[in-house]
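One structure below.
Naming convention: chains lettered A, B, ... in sequence-line order (proteins, then strands); numbering from 1 in each chain.
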Amino acid sequence: MVVTRIAPSPTGDPHVGTAYQALFNYVFAKQQGGKFIVRLEDTDRSRYNPTSERRILEMLEWIGLSPDESPTKGGPGGPYVQSQRLPIYQQHVQMLLESGAAYRAFDTAEELAAVREAAQKAGHKEQGYNRRYRDYPVAESERRAASGEPHVVRLKVPQGGKTIVHDLLRGPIEFENAALDDKVILKADGYPTYHLAAMVDDHLMGVSHVIRAEEWITSTPFHILILRAFGWDEPVWCHTPLLRNPDKSKLSKRKMDTSVDSYRAQGFLPEALLNYLGTMAWSMPDGREIFSVQDMIEHFSLERISLGGPVFDLNKLKWMNGKYIREVLSVAELAERARPFLERAGLSAPSDRYLQQVIEAMRARFETLQEFVDRSRYFFSDEYPMQENARAKLREGAGFFPELREQLARLPDMLQDATEPLLKAFAEARGLKTAAVMQPLRAALTGSLETPGIFDLLTLLGKERVLERLERATPQ
RNA sequence: GGCCCCAUCGACUAGCGGUUAGGUCACCGCCCUUUCAAGGCGGCGGCAGGGGUUCGAAUCCCCUUGGGGUCACCA
């Protein structure tokens, strides 16, 4: 059975890279009739962030990549939080200690730093651990450990030969074992390092395919060595390209907005964000660019992942979000999603019908739900900003506003059948171009020159508000 | 710097020995539109360079260059 996983570290905001990895792991697992696991890697106490954990899990639900097994859902391989699995790791490390595949090292942090510094000064190329305790007498090691002396446990990496990583996308990648380090697998605080914990968990949880970012390639030989030390089989390794900043470096919050929560707050739709991520290093066989996760599951193959590192382009993400807004979601759905944004801005719609009508009119004019709110304020409140270019138009119309208002007031309603002839006749009677009437009117009604069509505006705003705003726009 | 990965328009990509190198975003122009968008049509723009292999290379191999990742008791 195919089992995939993501193993995020709860250290901060839910990262788009996590959503990206989740997408590929989820889609592949679902397509193969397998399962998708989420496991939290919180073995670094110093970087642990208590709210991050919950937010990562919530993010996955929001975006629609719900795991089959996770800290909140549980499952046969649980617990799914590494800090709750300490006995398991310690037990496994003990096995390696007993088999001689690992050894205790009693170097202090200061000693290591000093050694490293000395090596650097001497211009040594080898930067790894000096393996001081690799051949330390076992009895002595046992004694010092038993006496409570702080220590770490390191893996005894073979000093000759090579380890080959068979990457699904890149073929065999060779590493000289001599160039590898005796990495720490159990820290002095009793917590395992990522390398040990991830391999033990992947094995115990039955993970068949490790689909992860390419930054892990260089530590994969070490992972393979851990697996071998236990006598376990390797999963299929598949390293996907890293999402990039515009300058091509690894996507980072210093240079880009990497928080999924932030995109959510800006009014990006989960479907659109997911669709966009799906076009990063992957493409639909038929070239379609707008596709759902379900479409992706139907046509996915790991082999179609391209290897160049894709730049995360906010511009195209926005375009795609707009595409979903105007062509994929129904007006009713959009209304429901827009409502919380409206409320957060202190606005509310008098009715579902009205909200939907406004959205229909605005649909092609916003690309995020926040933009919708920002650009539609005049539909929901009489307090809206007057833009500078609109103010200028207002002055042009000031002279005829009272008369225009008078005439509009005599109409039974503001429907186009009545308002259009009126506006045209009104302009003609004064020797004005129709636009010379419409633009000042638009400015008076909305404070803006970028709005839906004037007749939609009149209809939606209704007679009462139209007359009121016209009056308000007329200088006393 | 060592090791490792990668390389098609500015960006995302299609291409997997024979194509006028296709599509999308962005940009520019035109159309539609008495606003702004959206939409339609068109345009600009690319196989990093050099060697091979081959009748024939964007496609295969090598070198160079460039970019990236990684070298923690972080993941």
Fill in: OP1 or OP2 of B:C73 under 4.0 Å from side-chain N/O of A:Arg45
no
Discussion item. Considering every strand and a 4.0 Å limit on heavy-atom distances, what is the contact class for A:Pro452: base, sugar-phosphate, or nothing?
Written reply: base
Discussion item. Under 4.0 Å, heavy atoms only, any strand: does A:Arg170 hit a base, just the sugar-phosphate, or nothing?
Written reply: sugar-phosphate
Fill in: Which residue lies more 5' along RNA chain B, comparing A:Ser46 with A:Lys323 via nearest heavy atoms
A:Lys323
Worksheet item: With a 6.0 Å cut-off on ring centres, are A:Phe24 and A:Phe300 close enough?
Response: yes
Item to complete: Please work out whether the ring planes of A:Tyr133 and A:Phe106 are parallel, tilted or perpendicular, with thresholds of 30° and 60°.
Response: perpendicular
Discussion item. Between B:U64 and B:G10, how far apart are the two C1' atoms, rounded to whole Å?
Written reply: 25 Å
Worksheet item: Looking at A:Ser249, does any N or O in its side chain come under 4.0 Å of the phosphate oxygens OP1/OP2 on B:G68?
Response: no
Worksheet entry | Ring center gap for A:Phe426 and A:Phe400 short of 6.0 angstrom | yes
Worksheet item: Is A:Val311 touching bases, backbone alone, or none of the nucleic acid, heavy atoms closer than 4.0 Å?
Response: sugar-phosphate
Discussion item. Suppose you measure atom C1' in B:C25 against the same atom in B:A14; what distance do you get, rounded to whole Å?
Written reply: 15 Å
Discussion item. Does atom CD (A:Glu142) have a neighbourhood of more than 12 heavy atoms from anything else shown, all under 6.0 Å?
Written reply: yes
Worksheet entry | Nucleotide forming a Watson-Crick or wobble pair with B:C41, both distances under 3.5 Å | B:G29
Fill in: Under-4.0 Å side-chain N/O to phosphate OP1/OP2 contact, A:Thr193 with B:C74
no
Worksheet item: Rounded to whole angstroms, how far apart are CG on A:Asp456 and P on B:U34?
Response: 12 Å
Worksheet item: Please give, in whole Å, the distance from B:A37 C1' to A:Glu327 CD?
Response: 14 Å
Worksheet item: Where the side chain of A:Lys187 is concerned, which of B:A26, B:C4, B:A75 is the nearest nucleotide?
Response: B:A75
Worksheet item: Looking for any heavy atom pair under 4.0 Å, which part of the strands does A:Glu174 touch: base, sugar-phosphate only, or nothing?
Response: sugar-phosphate
Practice prompt. Quick one: look up who B:C16 pairs with, Watson-Crick or G-U, both distances under 3.5 Å, and put none if it's unpaired.
Written response: none
Worksheet item: Counting any heavy atom closer than 4.0 Å, what does A:Glu289 reach on the DNA or RNA strands: base, sugar-phosphate only, or nothing?
Response: base
Worksheet entry | A:Tyr194-A:His223 aromatic ring centre distance below 6.0 Å | yes
Practice prompt. Using the P atom on both, measure B:G52 against B:A72 and round to a whole Å.
Written response: 43 Å
Worksheet item: Pick one: which of A:Arg134, A:Arg154, A:Lys156 meets salt bridge (charged side-chain N to carboxylate O under 4.0 Å, His left out) with A:Asp182?
Response: A:Arg134
Worksheet item: Does the ring centre of A:Tyr89 sit less than 6.0 Å away from the ring centre of A:Tyr191?
Response: no
Discussion item. Considering every strand and a 4.0 Å limit on heavy-atom distances, what is the contact class for A:Arg326: base, sugar-phosphate, or nothing?
Written reply: sugar-phosphate
Item to complete: May I ask you to evaluate whether A:Lys316 reaches the phosphate of B:U13, defined as a side-chain N or O under 4.0 Å from OP1 or OP2?
Response: no
Response to the item:
Closest to the side chain of A:Arg365, out of B:C3, B:C36, B:C12, is B:C36
Practice prompt. Looking at every strand, decide which applies to A:Gly453 at a 4.0 Å heavy-atom threshold: base, sugar-phosphate, or nothing.
Written response: base
Worksheet item: Does a side-chain N or O from A:Lys248 land closer than 4.0 Å to OP1 or OP2 of B:G66, or not?
Response: no
Discussion item. For B:G15 and A:Arg304 - does any side-chain N or O of the residue sit under 4.0 Å from the phosphate oxygens OP1/OP2?
Written reply: yes
Item to complete: Would you kindly give the CZ-to-P distance between A:Arg39 and B:A75, to the nearest whole Å?
Response: 12 Å
Discussion item. Just N and O in the side chain of A:Arg244: are any of them under 4.0 Å from OP1 or OP2 of B:G68?
Written reply: no
Item to complete: Take atom C1' in B:C16 and the same atom in B:U70, then report the distance between them in whole Å.
Response: 30 Å
Fill in: Nucleotide opposite B:C60 in a Watson-Crick or G-U pair, distances under 3.5 Å
B:G52
Discussion item. If you assign A:Leu169 and A:Asp189 each to the RNA chain B nucleotide with the nearest heavy atom, which residue ends up on the more 5' nucleotide?
Written reply: A:Leu169
Worksheet item: Say you pick atom C1' in B:U20 and the same atom in B:C6; how far apart are they, in whole Å?
Response: 30 Å
Discussion item. Both distances below 3.5 Å, Watson-Crick or wobble geometry, any strand: find the nucleotide opposite B:U70.
Written reply: B:G2
Discussion item. Could you tell me how far B:U19 sits from B:C5 if I compare only their C1' atoms? Round to whole Å.
Written reply: 30 Å
